[in-house]
Amino acid sequence: MTKKDLFRIIMKLLGLYFIVYIPFSILPSNITFVLMAPDTIGIIWLIVVAIIVLLIIIYFLFKPDILIKLFKLDQGFDEDRIDLPNFNSEKVLKLAIMIIGSILIIHHLPEFMTRSLVATKVLIGGENPDYILMKYNSQKDSIYWITNIVNLVIGFFMLTKYNLISRLLMPKNKKDKPKEF
């Protein structure tokens, strides 16, 4: 495998991570921002954010060579080839799926637990509900809480079903064998 191939794989894996992460993190916070004070500037902001997010995903998934050339990632190495014995594209994909699932769980579990604790305190009545509702906007809080739940479910699914996901994402070759690097 060449160093350019390695950086292509890394960029595409980051693109997959962005596909999972951005719709459930960046976009909900911006949609909440627009819903709290709907005006023309907020709607324009949401459109600009959506376009930027779409461009990031397109460049990382479908045009990684442009990014590699722009940031000169393949320069400064002693050798052009990187040898990874017994490591084919299917194994790289499985590893990436497990890493992305782990990152999702690690990133969203603490916030989910905090928001669940706040909701429990309000329901049980151990805390002053007016104080908690002033501190945590209830509509915004429930959107983030649901977003955390969805991310945790996706992360758990990616960790437990990485074989199924890798089979769905692997291109079908004539020989049905994974490509060796």
Side-chain angles (χ1 to χ4, degrees), residues 1-33 46 49-68 70-71 73-74 82-120 136 139-173 175-181:
M1 165 171 48
T2 65
K3 56 190 173 187
K4 196 167 191 172
D5 290 337
L6 177 67
F7 285 115
R8 253 189 229 120
I9 290 170
I10 291 171
M11 294 287 186
K12 288 186 178 200
L13 294 177
L14 281 172
L16 285 174
Y17 176 72
F18 290 147
I19 284 177
V20 173
Y21 180 71
I22 288 175
F24 297 111
S25 297
I26 307 292
L27 292 180
S29 64
N30 285 292
I31 290 171
T32 303
F33 172 72
L46 186 62
V49 167
I51 290 171
I52 290 171
V53 164
L54 187 62
L55 286 174
I56 288 172
I57 290 172
I58 287 172
Y59 274 97
F60 272 89
L61 276 181
F62 303 113
K63 310 251 185 216
D65 290 334
I66 294 173
L67 295 174
I68 292 169
L70 177 70
F71 294 116
L73 295 176
D74 58 346
I82 298 172
D83 292 324
L84 298 173
N86 298 326
F87 218 60
N88 58 27
S89 58
E90 184 180 9
K91 290 179 183 176
V92 170
L93 186 61
K94 286 179 183 180
L95 179 64
I97 291 168
M98 291 183 342
I99 290 172
I100 292 171
S102 301
I103 289 172
L104 282 173
I105 290 174
I106 290 169
H107 188 289
H108 292 282
L109 188 61
E111 190 173 347
F112 168 75
M113 292 172 62
T114 302
R115 294 187 188 280
S116 298
L117 178 66
V118 169
T120 304
Y136 298 95
Q139 180 184 5
K140 183 179 173 183
D141 192 51
S142 43
I143 289 172
Y144 284 132
W145 192 55
I146 291 169
T147 302
N148 287 324
I149 291 171
V150 170
N151 276 304
L152 288 171
V153 168
I154 290 172
F156 181 76
F157 180 74
M158 290 177 87
L159 275 178
T160 57
K161 302 294 183 190
Y162 62 90
N163 280 324
L164 173 69
I165 297 170
S166 70
R167 281 195 306 261
L168 292 173
L169 293 177
M170 284 298 294
K172 299 291 181 196
N173 292 343
K175 299 176 185 177
D176 285 330
K177 287 186 177 181
K179 179 183 170 188
E180 294 290 331
F181 289 121

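What's counted below: heavy atoms across the whole structure, side chains too, no hydrogens, waters or symmetry copies. Not measured: the values here are computed from a predicted model.
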Point-to-point distance, once rounded to the nearest 0.5 Å, from CG of Leu54 to CD1 of Ile57: 6.5 Å

side-chain contact (heavy atoms from CB on, under 4.5 Å) evaluation trace for Leu61 with Ile19: CA-CA 9 Å; Leu61 276 181; Ile19 284 177; 3.1 Å; yes

According to ring pair (Phe, Tyr, Trp, His ring centres under 6.0 Å), who are the partners of Tyr59, at least two apart in sequence or on a separate chain? none

Closest approach of Leu13 to Ala96 (non-hydrogen atoms, all atoms of both residues): CD2-CB, 3.0 Å

Mind checking the CG-CG spacing from Leu70 to Asp65? Nearest 0.5 Å is all I need. 12.5 Å

Which pair of heavy atoms, one from Phe18 and one from Ile56, lies closest together, and at what distance? CD1-CG2, 3.7 Å

Are the side chains of Leu159 and Ile97 in touch, meaning some heavy atoms are under 4.5 Å apart? no

So do Lys91 and Leu95 actually touch side chain to side chain, heavy atoms under 4.5 Å? no

Apply side-chain contact (heavy atoms from CB on, under 4.5 Å) to residues Asn151 and His107 and explain how you reach the verdict. CA-CA 9 Å; Asn151 276 304; His107 188 289; over 6 Å; no

If you compare all heavy atoms of Ile165 against all heavy atoms of Met158, which two are closest, and at what distance to 0.1 Å? CD1-CA, 3.8 Å

Give, for atom CG of Leu14 and atom CD1 of Ile9, the distance between the pair rounded to the nearest 0.5 Å. 12.0 Å

Nearest heavy-atom pair of Leu104 and Leu152: which atoms, and what distance? O-CD2, 4.5 Å

Do the non-hydrogen side-chain atoms of Phe60 and Lys12 ever get within less than 4.5 Å of each other? no

Rounded distance [0.5 Å steps], CD1 in Ile103 versus CE in Met98: 12.0 Å

List the steps and the verdict of side-chain contact (heavy atoms from CB on, under 4.5 Å) for Asn148 and Met113. CA-CA 9 Å; Asn148 287 324; Met113 292 172 62; over 6 Å; no

Are side-chain heavy atoms of Phe157 and Leu164 found at a separation under 4.5 Å? yes

Scanning both residues in full, the closest heavy-atom pair of Ile68 with Phe7 reads CD1-CB, 3.7 Å

Let me confirm one number: the CD1-CD1 distance from Ile66 to Ile58, rounded to the nearest 0.5 Å. 11.0 Å

Just how far is it from atom CD of Glu111 to atom OG1 of Thr147, taken to the nearest 0.5 Å? 8.5 Å

